[in-house]
Amino acid sequence: MYQQIFIFGAAFLGSAVESTEALTIVLAVGLTRGWRAPLLGTAVALVSLAVLVVLFGQFIVTRIPDSALKLLVGTLLLLFGLRWLHKAVLRSAGIVAMHDEERAYEQTVNSLREALTNTDWIGFVLALKGVFLEGLEVVFIVIAVGGTGRGLPAAVVGGLAAMVVVAATGVFVRRPLARVPENTLKYTVGVLLTSLGTFWAAEGMGATWPLDFVSILGLAVIYFAASRFAVTVIRRPAVA
Amino acid sequence: MKFLRSAGQQVIGLFVSDWVQSAVILVILALGWLAVSKLGAPALVALVLLLSGQLVWFARAEARRAS
């Protein structure tokens, strides 16, 4: 039960971050050039992603032996999670600028205004590319988080719920979701995915964790402590 | 074609931002696998500490480069 809730939560939070970034692109295109082309691009991207999930999800779960699957998914999850955590540490320490949806939105709108053509292909391709590429990360998170430990249904529900919540919010506010604490979410998801990746990679190696799935919480505490230590070590002093 | 190249780069970029750091993580995992097969669960402590250590190390290295 706790395992399913954890998997749902990790898939939901990770997917929410990526869905927010995709929504910014679709909103920028739709509000600048009209909605027909970007909505079509979004639909094509979502169908392509659904096909990927069904094909790869089924293949991974049914064809690859359990221990090899855990090792492979754990390793990929670890690389993915540590990349997010590394960036989160640098952002928290002021080394790298925080991700800003408001600024990303403005940049997309400006580039669209500069495009001197009436064709709708630009809107279509921009939305398709944005949703597909951000959606690839959602697909990976859903398959990796749910692909082992019989958690795929919970992960799929978590991913879909995040996409629906973010899309509904976008329809309602019609502005980029600048108030979503994206950097904090990425930090949290980075810790969760790194912990989950370590857990599964080690199980794939043949190790047995004390307290089984509960040890993921212990791993999360260790990685969080390490990341805070890194932030403290490299933090830039505030300019007076 | 440009779209496919961009998608390919995005897929690789999901897992790798710094090739050296990714290689170090893979080496740690390989060593962990060896240690787990010989020592069992106690090797997990070393595995987690090494992975946490590399996080601090590479964050510090990038901060130095940036300054």
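Order of the sequence lines sets the chain letters (A, B, ...), proteins ahead of strands, with each chain counted from 1. Computed from a prediction, not measured in an experiment: that's the story for all the values here.
- With a 4.5 Å cut-off on side-chain heavy atoms, B:Leu47 and B:Leu29 count as touching.
- Using a 4.5 Å heavy-atom cutoff, the side chains of B:Phe15 and A:Thr75 are not in contact.
- Heavy-atom distances place the side chain of A:Ala201, and not its backbone, under 4.5 Å from chain B.
- No part of B:Ser37 comes within reach of chain A, as not one of its non-hydrogen atoms sits under 4.5 angstrom from that chain.
- Interface remark: A:Phe80 contributes backbone and side-chain atoms alike to the contact with chain B (heavy atom separation under 4.5 Å).
- Ring pair A:Trp209/A:Phe199 is parallel by interplanar angle, where below 30° counts as parallel and above 60° as perpendicular.
- A distance of 5.0 Å separates CG of A:Leu85 from OG1 of A:Thr194, quoted to the nearest 0.5 Å.
- Under the rule for a side chain to side chain contact (heavy atoms under 4.5 Å, CB included), the partners of A:Val189 that lie at least two apart in sequence or sit in another chain are A:Leu13, A:Trp84, A:Leu193.
- Tested against A:Val145 for a side-chain contact (heavy atoms from CB on, under 4.5 Å), the candidates A:Val156, A:Leu152, A:Val73, A:Leu196 yield a single pass: A:Leu196.
- Between chain B and the residues A:Leu136, A:Thr208, A:Leu78, A:Val89, the largest count of heavy-atom pairs under 4.5 Å involves A:Leu78.
- When heavy atoms are compared at a cutoff of 4.5 Å, A:Leu77 does not approach chain B at all.
- For a residue to count as touching a neighbouring chain, one of its non-hydrogen atoms must lie under 4.5 Å from one of that chain's; by this rule B:Ile25 touches chain A with the side chain only.
- Proximity to chain A (any heavy atom under 4.5 Å) is shown, for B:Leu34, by neither the backbone nor the side chain.
- Put simply, of A:Val96, A:Thr198, A:Leu90, the one with the most heavy-atom pairs under 4.5 Å next to chain B is A:Leu90.
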